[in-house]
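Right, one structure below, let's go through it.
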Amino acid sequence: MAKKSEAAAANAVVEEVVERPVEEAKERESKKKKITSVEQLPGVGESTLAKLKDAGYDTLETIAYSMPSELEEVAGLGEGTAVKIINAARDALEMGYETGDIVLERRIQIGKVSTGSKELDALIGGGVETQAITEAFGKFGSGKTQLGFQMCVNAQLPREQGGLGGEVLFVDSENTFRPERIAQMAQAKGLDPDEVLKKIHIARSYNSDHQMLLIDRADEVVKKHNIGLVIVDSLTSAFRSDYVGRATLADRQQKLNKHLHALQRLADMYNLAVYVTNQVMDRPDILFGDPTTPIGGNVLAHQSTYRLYLRRSKEDRRIAKLVDSPNLPDGECVFRVTPAGLADVE
Ligand code: GTP
Ligand code: MG
């Protein structure tokens with residue numbers, strides 16, 4: 001036994017003096033010294049660093065939350081290197097197992113944005129949650145965008161009043177952002193419309209790639225403006241028009257999946273709420289019941305934490321149905337879209 005460990009010690013000394021490639025030296029160094037930036041990661045040379053930064057992977061967090069295939073694509077890395085870089089970033093951020101009390105701590109920080117309707121808030125467990133993706137799907141005119149506008153106002157309110165005390169990021173893919181309507185909703189709550197509009201940061205997106213890029217590069221604006229709510233209206237329409245036909249379906253779903261991961265990452269990292277809208281498509285194969293299903297298929301079904309199906313009822317009434325929620329009972333409620341904004345029936 002003693003002999004064996006002596007031999008091991010001798011080997012270790014030999015190893016120490018053998019000249020090693022820079023990579024490994026960096027790796028050993030990184031174990032001693034805490035890594036605090038991307039350039040300190042083992043495997044990240046000057047050109048890789050430039051490519052990563054160019055693609056928006058400029059923080060340990062963005063790298064730690066990414067998949068090897070992403071880094072392979074954006075920085076031309078080999079799979080092994082990509083895995084190594086991601087693991088090192090995860091180690092640096094201590095992203096391994098965590099204990100239950102830490103998870104509880106994070107859950108305690110969850111905030112909820114009121115929708116303006118108490119009934120609707122109750123249906124979704126108290127409001128639209130941070131650290132989660134909430135999706136509304138439904139036909140045109142069902143109120144998806146109106147709900148988004150209302151939350152643009154409400155998210156700015158302090159927590160005690162059903163808000164998050166934060167600003168809003170609005171990705172507008174359908175050119176349906178209407179500041180006048182938001183001003184009307186703000187005024188109805190006794191707020192200064194100009195102040196409210198100043199805290200909404202809008203980006204018009206022109207296609208699905210652009211839409212993804214806006215979210216992939218949102219970190220800076222999120223930090224700078226204390227963003228509490230991110231809205232993507234519509235999440236899926238650009239994907240639907242950019243990927244037409246069966247042959248492109250797998251491609252589309254893969255991109256959509258990546259986009260949703262990026263949104264969930266923002267939600268988790270910055271404790272913010274994500275609200276996305278989705279159209280429905282007609283399903284001619286369904287003869288009975290409601291022949292409409294949300295587009296995005298399983299990818300969206302799995303990744304939105306809360307899914308709301310909205311439909312028109314008489315006059316200004318809308319019916320909201322909560323579907324497939326992991327921790328809340330399915331149910332329905334009725335709310336109204338009034339000139340002052342979303343409200344309860346009575
Ligand atoms: P698509 O984006 O076309 O799929 O529909 P959507 O679900 O986003 O519909 P949206 O939220 O835009 O709802 C439109 C409906 O909201 C209109 O038909 C009106 O009933 C109502 N609405 C829109 N603007 C106003 C407004 O300024 N005042 C009031 N009282 N109601 C409005
Ligand atoms: Mg809309």
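In each ligand, atom 1 is the first atom listed, and ligand 1 is the first ligand listed. Only heavy atoms go into these numbers, but all of them, side chains included; no hydrogens, no water, no symmetry mates. The chain is numbered in sequence order, starting from 1.
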Which of the ligand 1 atoms, numbered from 1, are nearer than 4.0 Å to a heavy atom of Gln184: 27 (O)
Say whether [X] and ligand 1 are in contact under the criterion: heavy-atom distance to a ligand atom below 4.0 Å.
X: Thr338; value: yes
X: Arg318; value: yes
X: Arg178; value: no

Heavy-atom pair with the smallest gap, counting every atom of Asp209 and Asp242: N-OD2, 4.5 Å
Aromatic ring pairing Phe177/Phe170, orientation class (parallel under 30°, perpendicular over 60°, tilted between): perpendicular
Whether [X] side chain and [Y] backbone form a donor-acceptor pair below 3.5 Å:
X: Arg307; Y: Glu135; value: no
X: Gln156; Y: Val196; value: yes
X: Thr81; Y: Leu77; value: no

Winner among [options] once heavy atoms are compared against [atom]:
atom: atom 4 (O) of ligand 1; options: Glu174, Gln279, Arg336, Lys144; result: Lys144
atom: atom 21 (C) of ligand 1; options: Thr277, Ile182, Val337; result: Val337
atom: atom 32 (C) of ligand 1; options: Arg181, Lys139, Arg311; result: Arg181

Nearby protein N/O/S atoms (those under 2.8 Å) for the Mg ion (ligand 2), with water ignored: Thr145 OG1
Test: Glu73 and Lys51 ion pair at under 4.0 Å: no
Salt bridge flag under 4.0 Å for residues Arg265 and Glu61: no
Among all protein heavy atoms, pick the one closest to [atom] and tell me residue, atom and distance.
atom: atom 18 (O) of ligand 1; answer: Arg312 NH1, 3.5 Å
atom: atom 14 (C) of ligand 1; answer: Gly141 CA, 3.8 Å
atom: atom 3 (O) of ligand 1; answer: Phe140 CB, 3.2 Å
atom: atom 16 (O) of ligand 1; answer: Gln146 CG, 3.5 Å
atom: atom 8 (O) of ligand 1; answer: Thr145 OG1, 2.7 Å

Gln150 and Lys189: CA distance, side-chain angles, deciding distance, side-chain contact (heavy atoms from CB on, under 4.5 Å) verdict: CA-CA 11 Å; Gln150 186 68 62; Lys189 294 186 92 68; 4.3 Å; yes
Side-chain touch Pro339/Gln184, heavy atoms, less than 4.5 angstrom: yes
Gln146 and Arg318: side chain donor to acceptor below 3.5 Å: no
Close aromatic pair by centroid cut-off 6.0 Å: His259 and Phe239: yes
Within 45° cone and under 6.0 Å: Arg204 NZ/CZ vs Tyr206 ring: yes
Nitrogen or oxygen atoms of Gly138 and ligand 1 under 3.5 Å apart: no
